[in-house]
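Presented below is the structure to which this report refers.
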Amino acid sequence: MNRAVAVMDRVIAAVCVVVFAALVLTVVWQVFTRQVLDAPSTWSEELARYEFVWLGLFAAALVFSERGHIAVDAAVRKLRPGARRVVAALVQVAIIVFALAGLVWGGLRAAAGAWDQQLTALPTQLGVMYLALPVSGLIIAFYAVTHLTAVLQGDETVIGAADVDPAV
């Protein structure tokens, strides 16, 4: 499982780098055509929006994999180690439910609802942008399952080892 996570991390990181580079080039082109050529590009704003949405959701999934997301753990710090483990497992289950119900199911519904809406400046549909939701939801659910497995095996806790209060 660790190998699959490492491969997924590298793939998503590479995708994020490529999409970010494309976003920078798109915005630079948009500024150049507007400020230098005095003839604004008709497609660059829509493309930049697509790139930004996909980048944001993929980067969020990558941050989740690395456990770099925000966690409010003041109450959890006061719990005994066994209770911390239960809380960590429940948090991962809640994340799996949200990822599957909110991002995957909701994202598929949003994409289906917008699939027939043509964009004015790009040769694609609005639904393509919404596909970032279920794709990132599946990735987050995959990562949450790996975190849940690690918590249940005792390999991962809700709080990093350096953060645990030794008095408890």
Side-chain angles (χ1 to χ4, degrees), residues 1-72 88-152 156 158 160:
M1 187 72 100
N2 291 337
R3 178 123 173 97
V5 170
V7 168
M8 181 78 81
D9 284 349
R10 283 195 303 272
V11 168
I12 294 173
V15 167
C16 285
V17 167
V18 168
V19 174
F20 183 71
L23 176 61
V24 168
L25 292 174
T26 302
V27 172
V28 166
W29 176 253
Q30 183 177 18
V31 170
F32 177 77
T33 59
R34 179 168 299 172
Q35 299 299 321
V36 176
L37 301 179
D38 200 27
S41 170
T42 58
W43 53 267
S44 57
E45 183 180 346
E46 283 186 358
L47 182 59
R49 188 178 312 122
Y50 264 62
E51 292 164 342
F52 188 73
V53 167
W54 280 83
L55 177 64
L57 288 167
F58 275 46
L62 185 59
V63 167
F64 180 77
S65 167
E66 298 170 352
R67 294 189 62 180
H69 52 80
I70 296 173
V72 180
L90 290 174
V91 166
Q92 295 307 318
V93 168
I95 290 168
I96 292 167
V97 169
F98 171 76
L100 294 177
L103 293 173
V104 175
W105 184 72
L108 286 172
R109 288 181 46 104
W115 199 258
D116 293 330
Q117 296 179 24
Q118 291 291 328
L119 295 176
T120 56
L122 294 175
T124 188
Q125 300 84 11
L126 183 60
V128 174
M129 182 167 60
Y130 288 117
L131 285 179
L133 291 167
V135 171
S136 65
L138 288 173
I139 295 167
I140 289 171
F142 168 76
Y143 284 137
V145 167
T146 62
H147 289 309
L148 178 61
T149 303
V151 165
L152 294 176
E156 187 176 296
V158 106

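Scanning both residues, Q125 and Q118, for their nearest heavy atoms gives NE2-NE2, 3.4 Å. Between L133 and G107 the shortest heavy-atom distance is CB-CA, 3.7 Å. Looking at every heavy atom in both residues, A141 comes nearest to I96 through O-CG1, 4.3 Å. Nearest heavy-atom pair across L47 and T26 is CD2-OG1, 3.7 Å. Scanning both residues, F142 and A4, for their nearest heavy atoms gives CZ-CB, 4.1 Å. Of all heavy-atom pairs spanning A89 and V151, the tightest one is N-CG1, 3.8 Å.
Listed for the T33 side chain is a donor-acceptor partner under 3.5 Å among the backbone atoms of S41. Side-chain N or O atoms of Q117 include none that pairs as donor or acceptor with a backbone N or O of L126 at under 3.5 Å.
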Evaluate Y130 against V53 for side chain to side chain contact (heavy atoms under 4.5 Å, CB included), listing each step before the verdict. CA-CA 9 Å; Y130 288 117; V53 167; over 6 Å; no
Carefully, step by step, assess W29 and L25 under the rule side chain to side chain contact (heavy atoms under 4.5 Å, CB included). CA-CA 6 Å; W29 176 253; L25 292 174; over 6 Å; no
Test log, rule side chain to side chain contact (heavy atoms under 4.5 Å, CB included), inputs Y50 and V19: CA-CA 10 Å; Y50 264 62; V19 174; over 6 Å; no
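Separation of the F58 and W54 ring centroids falls under the 6.0 Å cut-off.
Between the CD atom of Q35 and the CD atom of Q30 there is a distance of 10.0 Å, given to the nearest 0.5 Å. Taking CD1 of I12 as the start and CG of L57 as the end, the distance is 11.5 Å to the nearest 0.5 Å. For the atom pair CZ (R34) and CD (E45), the distance works out to 7.0 Å, reported to the nearest 0.5 Å. Between the CH2 atom of W43 and the CG atom of L122 there is a distance of 8.5 Å, given to the nearest 0.5 Å. Distance check, rounded to the nearest 0.5 Å: CD1 of I95 to CG of L103 gives 11.0 Å.
W105 is not listed as a side-chain neighbour of L100, based on a closest heavy-atom distance of 4.5 Å or more. Contact check for S44 versus V27: no side-chain heavy atoms found under the 4.5 Å cut-off. Looking at heavy atoms from C-beta onward, M8 lies out of side-chain contact with V11 at the 4.5 angstrom threshold.
For F52, the side chain to side chain contact (heavy atoms under 4.5 Å, CB included) criterion is met by L23, not counting sequence neighbours. For L108, the side chain to side chain contact (heavy atoms under 4.5 Å, CB included) partners at least two apart in sequence or on another chain are V104, P134.
Using cut-offs of 30° and 60° on the angle between ring planes, the pair F64 and H147 is perpendicular.
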